[in-house]
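Take a look at the structure set out below.
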2 protein chains.
Amino acid sequence: MKYRNLPATSPAETEILRLVWQQKRATVQEVCHQLPAARKIAYATVQTLLRRLEKKGYLKHDVEGKAHVFYPSVEQDHVIRRSVGDFLDRLFGGDPRPLMQFLAEDGRLEAKDLDELRKLIDNP
Amino acid sequence: MKYRNLPATSPAETEILRLVWQQKRATVQEVCHQLPAARKIAYATVQTLLRRLEKKGYLKHDVEGKAHVFYPSVEQDHVIRRSVGDFLDRLFGGDPRPLMQFLAEDGRLEAKDLDELRKLIDNP
DNA sequence: TGACATGTCTTACAATTGTACGATATTGTA
DNA sequence: TACAATATCGTACAATTGTAAGACATGTCA
C-alpha cells in the first residue's frame with residue numbers, strides 16, 4: 001500500500017482511531033463505551049472525531065440498520081510507524097535510542113515484559 | 001520539583017525545546033542554526049515558539065547584549081516522561097510494550113544499540 | 001401507525017497552533 | 001554620533017483541534 005497524502009491524525013483522533021482498531025469495527029456507541037471512564041467526552045464529539053478520521057482517509061463505514069459501523073482503511077502498522085517516527089523526530093531528533101532507554105529504565109515495564117523484550121532482541 | 005499546571009507543549013514547540021536542551025542555552029539564532037536544513041522555518045517563527053515556551057513555563061531567558069539567551073526551566077526528564085506518557089496513552093492505551101516491540105523490530109536500531117539495550121535490561 | 005429511542009448531520013465556536021510581517025529598540029563600529 | 005546590522009515585540013491570521021448543541025431521520029415496538 002502507498003497511502004499517499006494521508007494527513008496526520010491529531011491526538012484526539014489518534015485516541016479514537018486506536019479504539020476502532022481494538023474492536024475491528026465499531027459504532028459511535030461502541031467507541032464511547034470503550035473510552036476509559038475518566039475520559040469524559042460527549043457522544044457527539046466522538047462522532048465528529050470519527051467523521052474527521054473518515055474524511056482524512058483513516059476509516060470507512062458501512063451502514064447497518066440506522067447506525068454507521070466504522071472500520072479502518074489504513075493498516076494500523078502504517079499509522080504507528082508514522083506516528084512513532086513523528087514523535088521521535090520532535091522529541092529526540094529522530095534517534096530511537098533515548099526512547100528505548102527511557103522505556104527500559106522507567107519502570108513502566110514489568111520484569112516479564114523485559115524477558116519478552118530480551119527474546120525479541122535476541123531473535124534474528 | 002512539582003511542575004504543577006504545566007500546559008503541554010505542541011509538536012512544533014517540542015521540536016524547538018529539544019534544540020534548547022541540546023545546547024543548554026541558546027539564542028534564537030542558535031536555535032535556527034541547529035534546525036535541520038530541510039526544516040525551513042522563519043527566524044520570527046522560532047522566536048514565537050520560544051516566547052510561547054517561556055510563557056508556558058518551559059523556558060526562561062537572560063538578556064545578554066541585545067540578545068535573549070533561553071534556557072530550560074523544567075527538567076528534560078520531566079518533559080520526556082510526560083510526552084511519552086501522553087503519546088503512549090493516545091496510541092497504545094498506555095501500554096508501553098507495543099511501542100517497545102515496534103522499536104525492537106523496526107530496524108531503526110542498530111545491532112550495537114540492541115547490545116546496549118540488552119545491558120540496560122539486565123542491569124538492576 | 002404513532003411515539004420513543006437512538007442515530008446522524010449540520011453547524012458552531014473558542015482555543016491552540018503554525019507561520020510570519022513590520023515596527024521598533026539596541027549595539028558595536030566607522 | 002550616525003549607520004548598519006541584529007534583536008525583540010506586538011500583532012495578525014488562517015488552519016486545525018477539541019468540544020458539543022440542536023435539528024432532523026429512522027428503526028422498533030406497543
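We use all heavy atoms of the structure for the numbers below, so side chains are in, but hydrogens, waters and symmetry mates are not. Model, not experiment: these values are computed from the prediction. Below, read A as the first sequence line, B as the second, and so on, with proteins coming before strands; counting in each chain starts at 1.
Across C:dC9, D:dA7, C:dG18, the shortest atom-to-atom separation from the side chain of B:A12 is found for C:dG18. Residue A:A44 places its side chain closer to D:dA21 than to any other of D:dA21, C:dG7, D:dA7. When distances run from any side-chain atom of A:R52 to the nucleotides D:dT17, C:dT6, C:dA20, the shortest one goes to D:dT17. When the nucleotides C:dT17, C:dT8, D:dA20 are ranked by their closest atom to the side chain of A:A67, C:dT8 comes out on top. The side chain of B:K66 lies closest to D:dA5, out of D:dA5, C:dG7, C:dG18. Side-chain proximity of B:R51 to the nucleotides D:dG10, C:dT8, C:dT17 is greatest for D:dG10.
Residue contacts shown for A:Q47 include a base, since a base heavy atom lies under 4.0 Å away. Note on B:T45: a base of the nucleic acid sits closer than 4.0 angstrom, heavy atoms only. Using a 4.0 Å heavy-atom cutoff across all strands shown, B:T48 reaches at least one base atom of the nucleic acid. The residue B:R90 sits apart from the nucleic acid: no heavy atom pair falls under 4.0 Å.
With DNA chain C read from its 5' end, the first of the two nearest nucleotides for A:V69 and B:E15 is the one closest to A:V69. For the pair B:V28 and A:R39, nearest-nucleotide mapping onto DNA chain D gives the more 5' position to B:V28.
Whole-Å rounding puts the B:L49 CG to C:dA20 C1' distance at 12 Å. Atom pair B:Q29:CD and D:dA5:P shows a separation of 14 Å (rounding to whole Å applied). The CG atom of B:D62 sits 16 Å away from the C1' atom of D:dT8 (whole-angstrom rounding). Computed from coordinates, the A:I16 CD1 to D:dT17 P distance equals 14 Å when rounded to whole Å. Regarding B:K55, its NZ atom lies at a distance of 13 Å from the C1' atom of D:dT11, rounded to whole Å. Atoms NZ (B:K40) and C1' (C:dA20) sit 15 Å apart, rounded to a whole Å. Put simply, NE2 on B:H61 is 14 Å from P on D:dA7, counting in whole angstrom units. D:dA25 atom C1' lies 18 Å from atom CD of A:E64, rounded to whole Å.
A donor-acceptor pair is defined here as one N or O able to donate and one able to accept, closer than 3.5 Å; such a pair exists between the side chain of B:K56 and the backbone of B:A8. For A:Y58 (side chain) and A:R52 (main-chain N/O), no donor-acceptor pair under 3.5 Å exists by modelled atom type. A donor-acceptor pair under 3.5 Å is formed between the side chain of B:S73 and the backbone N or O of B:G57. In terms of modelled atom types and a separation under 3.5 Å, the side chain of B:T9 and the main chain of B:L53 share no donor-acceptor contact.
Between B:K56 and C:dT17 there is a side-chain polar atom (N or O) within less than 4.0 angstrom of OP1 or OP2. Contact check, B:H68 against D:dC9: a side-chain N or O comes under 4.0 Å of OP1 or OP2. Within the 4.0 Å cut-off from OP1 or OP2 of D:dT8, at least one side-chain nitrogen or oxygen of B:Y43 is found.
The existence of a salt bridge linking B:E54 and B:R51 is excluded, since no basic side-chain nitrogen approaches an acidic carboxylate oxygen closer than 4.0 Å. With salt bridges taken as basic N to acidic carboxylate O contacts below 4.0 Å, none links B:D115 and B:K112. Salt-bridge annotation for A:D86 and A:R82: absent, with no side-chain N of the basic residue lying under 4.0 Å from a carboxylate O of the acidic one.
Using bins of under 30°, 30° to 60° and over 60° for the plane-to-plane angle, the ring pair A:F87/A:F92 lands in the perpendicular bin.
Contacts of residues 79-88 of chain B with DNA chain C (heavy atom under 4.0 Å): none.
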